[in-house]
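Hydrogens, waters and symmetry mates are skipped; everything else that's a heavy atom, side chains included, is used. Counting starts at 1 for both ligands and their atoms, in listed order.
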Amino acid sequence: MGEPKTMAKTRYNVAVVGATGAVGEQMLNMLDERDFPIERLKLLSSARSAGKRLKFRGEELTVEEATPESFEGVDIALFSAGGDVSRKLVPQAVERGAVCIDNTSAFRMDPAVPLVVPEVNAHKIAEHNGIIANPNCSTIQMVVALKPLYDRYGIERVIVSTYQAVSGAGARAVEETLRQTREQLAGNSFDPDVLPVASLPVKHPIAFNAIPQIDKFQDNGYTFEEMKMVNETKKIMGDDRIRVSATCVRIPVLRGHSESVYVELAGDFDLDEVRELLSKAPGVIVQDDPASQLYPQAVHAAGRKEVFVGRIRRDLTNPRALNLWIVSDNLLKGAAWNAVQIAEHLAAR
Ligand code: NAP
Ligand code: 3JN
């Protein structure tokens, strides 16, 4: 892996691996919207989509099959093609001199790999050895809101329940949700095909349903998605003592993850000060006015880069605890925007 890479360039050769997917599409949108200084852009996918043409900044680019040789001359590679692809190709890309920003769980818990949410731990980017991991979407939006509270009061315990959009499970899950909804409304029967986990044989309907399983079950009775929230939160916050427990649920929303979060602080707090801290926190927008029924909602967060926080209230059973409702676009702050933010930090160094 060698020395941390420096990025003394003005324009970069960028590769997007998984460019035809739900996250990849948003990565291209973010690179364009942010006017990222690109010299040459490579769009990579599996052999299935090779040859497909995608538009970027008014130009048609041909998608290529991702191979180790694809990364010759690449400065920054954004990966979102699943853990197996990252495990195979990220080391090959690093060997060829690319800095990889990986959206999968493949390297997140590797102690040698920084796990970065820029609003929380941007300083970790400098420690990279060629790989920077992008956390799970549900973790990202939660830690952005927790960070200002942690810095002011300390956090002892977090209990979170998620309400996750189907786009988190990829482009096929979105199509499947729309198909099931149409069939159900037409009074037709249908066979569920994608959720909760495409690679497992048992499937459940998502239309008009809530599925309390995201990713595979672990031996402890929690799902992998839930354990990602537990372990990644501790790593990003840099504090193993924070106790975290999660329940992750898939709901038939297309875009925007919502979370009900119970936060036990280490000291007493003032609710107005909490609102003030959150209002000033980078990347956070407070939407909290019960009198006018104002609170964050997935439909309003979709397409936005920020994390929205509302329903801010003291817990009724523990005066040192808060309850929050946290909403963000899972494909943007939860994936593509966080990755492009990291790329911007690399380019600025
Ligand atoms: P998706 O819509 O199913 O897209 C998958 C993408 O990966 C497609 O571009 C696909 O190309 C490509 N791909 C599949 N197999 C490949 C291979 N062998 N070699 C090269 N490319 C391959 O999925 P998605 O929602 O975009 O998610 C993709 C991955 O991103 C997930 O598996 C996950 O690891 C990560 N992700 C992270 C977050 C997060 O929380 N940060 C959120 C969602 C997803 P084809 O068009 O050729 O099939
Ligand atoms: O389901 C969601 O809402 C988020 C899904 C993320 C995801 C999907 C497939 C594989 C991940 C991830 O980022 O944790 C992975 C993975 O890389 O493990």
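Between Glu176 and Arg179, at least one side-chain N (NZ, or NE/NH1/NH2) sits under 4.0 Å from a carboxylate O, which counts as a salt bridge. A salt bridge is absent between Lys234 and Asp240; no separation between the charged side-chain nitrogens and carboxylate oxygens falls under 4.0 Å. No salt bridge links Lys203 with Asp193; every basic N to acidic carboxylate O contact stays at or beyond 4.0 Å. Between Lys333 and Asp329 no salt bridge is recorded (no basic side-chain N to carboxylate O distance below 4.0 Å). For the pair Glu232 and Lys235, the salt-bridge criterion is not met [side-chain N within less than 4.0 Å of a carboxylate O].
Distance from atom 34 (O) of ligand 1 to its nearest protein heavy atom, with residue and atom name: Thr104 CG2, 3.3 Å.
For ligand 1, one of its N or O atoms has an N or O atom of Gly21 under 3.5 Å away. Geometrically, ligand 1 and Pro135 share a nitrogen or oxygen pair separated by less than 3.5 Å. Not a single N or O atom of Gly83, backbone or side chain, sits closer than 3.5 Å to an N or O atom of ligand 1. Between Ser105 and ligand 1, no pair of N/O atoms sits closer than 3.5 Å. Checking only distances, Cys137 does come within under 3.5 Å of ligand 1, N or O to N or O.
Atoms of ligand 1 found under 4.0 Å from any heavy atom of Gly18 (numbered from 1 in listed order, with element): 6 (C), 7 (O), 9 (O), 12 (C). Within the listing of ligand 1, atoms 8 (C), 9 (O), 10 (C), 11 (O), 45 (P), 46 (O) sit less than 4.0 angstrom from a heavy atom of Thr20. Atoms of ligand 1 found under 4.0 Å from any heavy atom of Val85 (numbered from 1 in listed order, with element): 16 (C), 17 (C), 18 (N), 19 (N). Short contacts between ligand 1 and Arg48, defined as distances under 4.0 Å to a heavy atom of the residue, involve ligand atoms 14 (C), 15 (N), 47 (O), 48 (O). Close approach of ligand 1 to Ser80 (heavy-atom distance below 4.0 Å) involves ligand atoms 6 (C), 7 (O), 28 (C), 29 (C), 30 (O). Listed by number with element, the atoms of ligand 1 under 4.0 Å from a non-hydrogen atom of Gly168 are 43 (C). Close approach to Asn136 involves these atoms of ligand 1, each under 4.0 Å from a residue heavy atom: 40 (O). Heavy-atom proximity to Gly170, at under 4.0 Å, picks out these atoms of ligand 1: 2 (O), 23 (O), 25 (O).
Here Phe217 is tied to no hydrophobic group at all, with no ILVMFWY side chain closer than 4.5 Å.
With contacts defined as side-chain heavy-atom distances shorter than 4.5 Å, the pair Arg304/Leu332 does not qualify.
Scanning all heavy atoms of the two residues, the minimum distance from Ala66 to Val17 falls at CB-CG1, 4.2 Å.
Surrounding OH of Tyr262 are more than 12 heavy atoms belonging to other residues, nucleotides or ligands, all under 6.0 Å away. More than 12 heavy atoms of other residues, nucleotides or ligands lie within 6.0 Å of CG in Leu185, so this atom counts as buried by the packing criterion. No more than 12 heavy atoms of other residues, nucleotides or ligands shown are found within 6.0 angstrom of CZ on Arg311.
Of the options Val63, Asp102, Val23, the smallest heavy-atom separation from atom 26 (O) of ligand 1 is shown by Val23. Counting only non-hydrogen atoms, the option in Asp84, Asn103, Asn338 that gets closest to atom 38 (C) of ligand 1 is Asn103. Relative to atom 12 (C) of ligand 1, the option among Ala81, Ala47, Ala198, Gly334 with the closest non-hydrogen atom is Ala81. By heavy-atom distance, the residue among Gly82, Ser46, Ala19 lying nearest atom 22 (C) of ligand 1 is Ser46.
Contacts classified as side-chain hydrogen bond (donor to acceptor under 3.5 Å, both in side chains) and involving residues 281-290 (residues at least two apart or in different chains) are given here: Arg275-Asp288, Asp289-Ser292. Pairs of residues two or more places apart, or lying in two chains, that qualify as side-chain hydrogen bond (donor to acceptor under 3.5 Å, both in side chains) and include a residue from residues 75-84 are Lys9-Asp75, Asp84-Arg87.
Cluster annotation: Val309 is connected to Val143 through the hydrophobic network of ILVMFWY side chains, with a link wherever side-chain heavy atoms come within less than 4.5 Å.
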For ligand 2, run through the N/O pairs with the protein that fall under 3.5 Å and put one pair on each line.
residue: ligand 2; atom: 1 (O); partner: Gly168; partner atom: O; Å: 3.4
residue: ligand 2; atom: 1 (O); partner: Arg250; partner atom: NH1; Å: 3.2
residue: ligand 2; atom: 1 (O); partner: Arg250; partner atom: NH2; Å: 2.6
residue: ligand 2; atom: 3 (O); partner: Gln164; partner atom: NE2; Å: 2.9
residue: ligand 2; atom: 3 (O); partner: Arg250; partner atom: NH1; Å: 3.0
residue: ligand 2; atom: 3 (O); partner: His257; partner atom: NE2; Å: 2.9
residue: ligand 2; atom: 13 (O); partner: Arg108; partner atom: NH2; Å: 2.7
residue: ligand 2; atom: 14 (O); partner: Arg108; partner atom: NH1; Å: 2.8
residue: ligand 2; atom: 14 (O); partner: Arg108; partner atom: NH2; Å: 3.4
residue: ligand 2; atom: 14 (O); partner: Asn136; partner atom: ND2; Å: 3.2
residue: ligand 2; atom: 14 (O); partner: Lys228; partner atom: NZ; Å: 2.6
residue: ligand 2; atom: 17 (O); partner: Ser105; partner atom: N; Å: 2.8
residue: ligand 2; atom: 17 (O); partner: Ser105; partner atom: OG; Å: 3.4
residue: ligand 2; atom: 18 (O); partner: Ser105; partner atom: OG; Å: 2.5
residue: ligand 2; atom: 18 (O); partner: Lys228; partner atom: NZ; Å: 3.1

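A centroid separation of less than 6.0 Å is found between the aromatic rings of Phe71 and Phe79.
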